[in-house]
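The model shown is predicted, which means the values in this text are computed figures rather than measured ones. The figures that follow rest on heavy atoms only: side chains count, while hydrogens, waters and symmetry mates do not. Numbering of ligands and ligand atoms starts at 1, following listing order.
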Amino acid sequence: MSRVFNFSAGPGMLPEEVLKTAAGQMLDYEGSGQSVMEMSHRSKVYDGIIKTAEADFRKLVNVPDNYKVLFLQGGASTQFAMIPMNLMKNRVADFIVTGQWAKKAWQEASKYGKANKIASSEDKTFSYIPDVSDLPISDDADYVYICQNNTIYGTKYRELPNTKGKLLVSDVSSMFLSEPMDVTKYGLVYGGVQKNVGPAGVVIVVIREDLITDSPLPGTPTMLTYKTHADADSLYNTPPCYNIYVCGLVFKWLLKLGGLEVIKKMNEEKAAILYDFLDNSKMFKGTVVPEYRSLMNVPFVTDSDELNAKFIKEAEANGFVNLKGHRSVGGMRASIYNAMPKEGVEKLVEFMKKFESEN
Ligand SMILES: *Cc1c(COP(=O)(O)O)cnc(C)c1O
């Protein structure tokens with residue numbers, strides 16, 4: 001068996017230890033005689049799996065008692081509609097557009113009400129985060145929406161916006177569980193799990209209880225109403241049982257490592273190896289304004305498309321896969337999520353040095 005270093009922006013790598021545990025339990029989960037894939041979601045054994053996953057998540061993130069944790073389906077993108085359907089009471093929300101995902105959320109919300117773009121960094125290909133300290137927040141806005149780590153562009157907020165008392169809603173998909181987060185700063189914070197946490201399809205929503213309404217916008221489907229899932233502890237219908245189980249294994253892995261402060265340190269170390277190299281290389285350059293650099297997604301370029309293509313091809317042949325950048329930025333992007341070992345980043349940098357000296 002030979003595993004590659006996978007720098008994909010998503011789905012990303014999972015910890016090898018987690019994959020081995022899942023493999024070991026594949027045919028017989030803890031003496032139940034069944035795979036988790038086969039069990040009834042109403043069984044006692046599955047109830048233990050989902051309840052433990054939620055409890056471990058709460059412990060990791062330090063989720064206050066007045067917030068619900070929901071395991072939902074449809075990935076992060078379904079939240080682009082579900083959030084306005086449930087939170088847009090006045091049918092007004094303010095959006096800070098810092099990349100494609102924020103833009104998609106803004107466009108989707110505009111189907112349900114007035115979605116104001118109050119700031120954007122599109123003028124410079126989303127290579128920075130705008131000043132968010134004193135924005136023209138709308139008086140009647142139901143919430144202010146951000147995408148906190150911009151997967152495609154490799155930027156991250158250094159500070160949360162001053163929402164002037166309005167609720168903050170944040171998409172943290174590509175930085176989920178990569179560092180501590182203060183849930184009390186948000187009305188709702190959510191992430192698709194396939195970047196840092198587990199198999200694609202699941203989205204974890206952390207929502208303040210008083211925002212869970214039984215009167216979402218007229219026409220909102222039952223399945224897209226937070227209250228449906230909150231009242232049923234994420235078991236209203238058949239949840240993505242296996243994916244939630246793998247998320248649970250990842251929570252245990254993080255707890256065993258020492259929690260989110262520890263993983264943050266590890267992520268900072270990994271990112272520093274790559275950014276330090278980029279800052280000193282004559283051939284490779286980071287594309288983001290340094291103070292807004294992401295710890296998770298690191299886009300970089302050379303000054304020629306041919307050289308970029310050659311690099312990506314040779315990297316792949318050497319076991320560094322999925323380094324091609326998003327088409328809107330070009331060049332390369334190394335996503336170095338929680339499960340990417342430090343060794344993967346060190347070896348990538350060694351390979352980049354060698355490539356630079358040969359070309
Ligand atoms: C990947 C990603 C999404 C989309 O996730 P899906 O689960 O594919 O819908 C949304 N927001 C951010 C920040 C992402 O990185």
**Asked** Nearest to atom 9 (O) of ligand 1, what protein heavy atom do you find, and at what distance?
**Response** Ser77 OG, 2.6 Å
**Asked** Linking Ile, Leu, Val, Met, Phe, Trp and Tyr by side-chain heavy atoms under 4.5 Å, what else ends up with Val4?
**Response** Val321
**Request:** Compute the minimum heavy-atom distance from Gly10 to ligand 1 and say whether it is under 4.0 Å.
**Result:** no
**Prompt:** Would one find an N or O of Gln194, backbone or side chain, under 3.5 Å from an N or O of ligand 1?
**Reply:** yes
**Asked** Among all protein non-hydrogen atoms, which one is nearest to atom 11 (N) of ligand 1, and what is the separation to 0.1 Å?
**Response** Asp171 OD2, 2.6 Å
**Asked** Does Asn308 reach the side chain of Met332, with side-chain heavy atoms less than 4.5 Å apart?
**Response** yes
**Item:** Salt bridge flag under 4.0 Å for residues Glu356 and Lys282
**Value:** no
**Prompt:** Quick one: which ligand 1 atoms are inside 4.0 Å of a heavy atom on Ser173?
**Reply:** 11 (N), 12 (C), 13 (C), 14 (C), 15 (O)
**Message:** So for Ala76, does at least one of its heavy atoms come nearer than 4.0 angstrom to any atom of ligand 1?
**Reply:** yes
**Message:** Show the atoms of ligand 1 that are less than 4.0 angstrom away from any heavy atom in Cys147.
**Reply:** 13 (C)
**Item:** Over all atoms of both residues, closest heavy-atom pair of Arg58 and Asp65
**Value:** NH1-CA, 4.5 Å
**Prompt:** For Glu159, what residues pass the salt bridge (Lys or Arg N to Asp or Glu O under 4.0 Å) criterion, not counting sequence neighbours?
**Reply:** none
**Request:** For atom 14 (C) of ligand 1, grab the closest protein heavy atom and report residue, atom and distance to one decimal in Å.
**Result:** Lys195 NZ, 2.8 Å
**Request:** Taking atom types as modelled, find out whether Asn116 and Ser138 have a side-chain donor-acceptor pair closer than 3.5 angstrom.
**Result:** yes
